[in-house]
S.K.: 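Right, I'll just put the structure down here and ask away after.
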Amino acid sequence: MNASWSRDLFKIGSAQGATSALLRVAFAVGVPLFGGLWIGHAPAAVWGGATALFTTLSDFGTTRKSRAAMMLAGWLAVVGGGFVGHVVVSAGGSNELVILASAFVAGWASGSHPGVAAVTRFFALAAAAATGLRFSDPMIAWSVVAGGVSAFVAAELVWWLIPLPPGDNVIDWRTGVQRAFHGMDSGWRFTLAYGAAAAVALFAAHEIGVSDAYWATLVVLMVMRREGVASFSLTLHYAIGTLAGVALAIAVLKVVDTPMAVALLATLSAALARLGLAINPSLGFVGFNLFILFAVHLATHGAVMDIASARLYDVAIGCVIVIVATLAISRRIPATSSAP
């Protein structure tokens with residue numbers, strides 16, 4: 001296994017397919033993002049755009065039906081993770097417990113099936129984001145629905161006009177769910193390492209005193225993967241793309257600051273993330289992190305720029321922890337994986 005794992009998983013196959021992928025993501029993300037801004041609800045716009053992106057990135061499977069099922073699962077994961085995080089925050093519960101519990105679930109399922117692994121990771125990311133960002137806009141619930149609908153409408157249009165090739169998964173999603181429950185190709189060693197890395201990232205950032213320490217944990221949830229154990233170069237690709245994306249976003253936000261311009265950049269970055277994953281994992285993660293930073297900038301009304309150095313610091317902490325954790329367990333876990 002090497003860096004081609006990501007390219008094969010998100011393959012597009014032609015220039016026409018690349019164009020359709022760009023248009024699909026731009027439509028799916030742009031509709032709820034610009035719609036939310038137009039009605040004056042920036043936090044809701046961000047959640048809608050992010051939901052559309054995660055739902056679109058859940059497009060795995062060998063048939064149109066299975067791909068739609070995985071997209072539905074991805075949408076439900078974002079809804080469920082965001083709901084759990086919001087409820088815990090509202091009830092005054094332990095944010096750390098939610099983040100770590102969702103990290104263990106994602107780690108346990110990470111070797112089962114590409115789609116199932118992505119869905120459980122999206123659940124963990126949504127839960128962590130909900131506990132960290134603490135948005136209270138009542139329109140968020142509707143925007144999450146709009147994001148899911150937008151993603152499915154864009155998918156149907158693309159599948160009808162220019163069908164993208166299905167993924168070459170050797171097992172269907174039902175079998176993937178069964179494997180996820182049993183922790184196949186992941187097991188307790190990687191699960192504990194994944195959860196421990198998330199915990200160390202969260203508490204290390206707290207101890208150092210950076211603001212919004214959950215950012216470091218988000219990096220661990222995104223970057224540390226079961227396939228990285230088999231190919232450490234993938235982990236480096238993910239880490240390099242994450243650092244480069246955050247640094248580039250901060251540089252751009254120092255020049256571009258109007259909401260609509262930032263929303264346009266966020267939409268283009270989301271499209272770049274999908275196309276980039278088919279070319280090189282680093283490029284895909286650059287686009288993904290550009291989208292995240294631009295979106296958070298919109299949702300927090302520019303507050304992210306006040307702590308730009310902290311964002312880089314948090315991301316660097318998370319990447320270092322992921323690299324150390326992956327190296328520590330790479331010799332103790334078999335390199336086999338069900339992922340293509």
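Below, all heavy atoms of this structure are taken into account, side chains as well, without hydrogens, waters or symmetry copies. Count residues from 1 along the sequence.
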S.K.: I need the Leu264 CG to Phe294 CZ distance, nearest 0.5 Å.
M.R.: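 So the gap between those two atoms works out to 10.0 Å.
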
S.K.: Going through the distances and angles, do Val145 and Val79 end up as a side-chain contact (heavy atoms from CB on, under 4.5 Å)?
M.R.: CA-CA 8 Å; Val145 173; Val79 172; over 6 Å; no

S.K.: Heavy-atom distance under 4.5 Å between the side chains of Cys319 and Leu243, does that happen here?
M.R.: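 Yes; the side chains approach each other to less than 4.5 Å.
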
S.K.: Are any of the side-chain heavy atoms of Leu53 and Phe288 separated by less than 4.5 Å?
M.R.: yes

S.K.: Quick check: do Val219 and Val246 have side-chain heavy atoms less than 4.5 Å from each other?
M.R.: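 A side-chain contact under 4.5 Å is absent here.
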
S.K.: When you compare the side chain of Leu265 with that of Phe291, does any pair of heavy atoms fall below 4.5 Å?
M.R.: no

S.K.: Assess whether atom CZ of Phe83 is packed by more than 12 heavy atoms of other residues, nucleotides or ligands within 6.0 Å.
M.R.: no

S.K.: So, taking the atom named CG in Asn289 and the one named CG in Leu293, what distance separates them when rounded to the nearest 0.5 Å?
M.R.: 7.0 Å

S.K.: Within this structure, what is the CE-CH2 distance for the pair Met139 and Trp47, rounded to the nearest 0.5 Å?
M.R.: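 Reported value, rounded in 0.5 Å steps: 15.5 Å.
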
S.K.: Are Leu33 and Val256 connected, step by step, through hydrophobic side chains (Ile, Leu, Val, Met, Phe, Trp, Tyr) whose heavy atoms are closer than 4.5 Å?
M.R.: yes

S.K.: Treating Thr120 as the side-chain partner and Ala117 as the backbone partner, does any N or O pair qualify as donor plus acceptor under 3.5 Å?
M.R.: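 Between the backbone of Ala117 and the side chain of Thr120 there is a qualifying donor-acceptor contact (under 3.5 Å).
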
S.K.: So, the side chain of Ser150 versus the backbone of Gly147: is there a donor-acceptor pair under 3.5 Å, distance only?
M.R.: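 Pair absent, no side-chain N/O of Ser150 close to backbone of Gly147.
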
S.K.: Shared ILVMFWY cluster between Val223 and Val324, side chains joined below 4.5 angstrom?
M.R.: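 Val223 and Val324: separate clusters.
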
S.K.: If I take atom CG from residue Leu290 and atom CG from residue Leu253, how far apart are they, to the nearest 0.5 angstrom?
M.R.: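 With rounding to 0.5 Å, CG (Leu290) is 9.0 Å from CG (Leu253).
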
S.K.: State, with a plain yes or no, whether a side-chain heavy atom of Val262 is found less than 4.5 Å away from one of Thr258.
M.R.: no

S.K.: Roughly how far, to the nearest 0.5 Å, is the OH atom of Tyr194 from the CG atom of Leu100?
M.R.: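 OH of Tyr194 is found 11.5 Å from CG of Leu100.
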
S.K.: Tell me, do Thr55 and Phe122 make a side-chain contact under 4.5 Å, heavy atoms counted?
M.R.: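 No; the side chains remain at least 4.5 Å from each other.
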
S.K.: Spell out, as yes or no, whether a donor-acceptor pair under 3.5 Å connects the side chain of Ser143 to the backbone of Ala44.
M.R.: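 The answer is yes, because a donor-acceptor pair under 3.5 Å joins these two groups.
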
S.K.: Is there a path of hydrophobic side-chain contacts, each under 4.5 Å between heavy atoms of I/L/V/M/F/W/Y residues, joining Leu157 to Leu23?
M.R.: no

S.K.: Do NZ/NE/NH1/NH2 and the carboxylate oxygens of Arg274 and Asp59 come within less than 4.0 Å?
M.R.: no

S.K.: Going hydrophobic residue to hydrophobic residue with side-chain gaps under 4.5 angstrom, can you get from Val105 over to Met70?
M.R.: no

S.K.: Applying the 4.5 Å side-chain criterion to the ILVMFWY set and letting contacts propagate, would Val320 and Val220 be lumped into a single cluster?
M.R.: no

S.K.: To check you understand the geometry: which heavy-atom pair defines the closest contact between Ala106 and Ala124, and what is its length?
M.R.: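 It is CB-CB, 4.3 Å.
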
S.K.: Mind listing the closest non-hydrogen atom pair of Ala77 and Val119 along with its distance?
M.R.: CB-O, 3.3 Å

S.K.: Shortest non-hydrogen contact from Ile321 to Ala197?
M.R.: CG2-O, 3.6 Å

S.K.: At their closest point, which heavy atom of Leu221 faces which heavy atom of Arg121, and how far apart are they?
M.R.: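 Where Leu221 meets Arg121 most closely, the heavy atoms are O-CD, 3.0 Å.
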
S.K.: Can you name the nearest heavy-atom pair linking Ala154 to Phe27, along with the distance?
M.R.: CB-CD2, 3.5 Å

S.K.: Hey, are the side chains of Val31 and Val149 touching, using non-hydrogen atoms and a 4.5 Å cut-off?
M.R.: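 No; the side chains remain at least 4.5 Å from each other.
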
S.K.: Can you tell me how far apart CZ (Arg24) and OG1 (Thr56) are? Round to the nearest 0.5 Å.
M.R.: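 That separation rounds to 5.0 Å.
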
S.K.: Does Ala247 have any side chain to side chain contact (heavy atoms under 4.5 Å, CB included) partners at least two apart in sequence or in another chain, and if so, which?
M.R.: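 Counting only residues at least two positions away or on another chain, Ala247 forms a side chain to side chain contact (heavy atoms under 4.5 Å, CB included) with Leu312.
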
S.K.: What are the two closest non-hydrogen atoms of Phe285 and Met222, and how far apart are they?
M.R.: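 The pair with the smallest heavy-atom distance is CZ-O, 3.7 Å.
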
S.K.: Within the side chain of Trp75, is there an N or O that forms a donor-acceptor pair under 3.5 Å with the backbone of Val144?
M.R.: yes

S.K.: One pair to check against side-chain contact (heavy atoms from CB on, under 4.5 Å): Tyr238 and Val322. What are the steps and the verdict?
M.R.: CA-CA 10 Å; Tyr238 297 149; Val322 166; over 6 Å; no

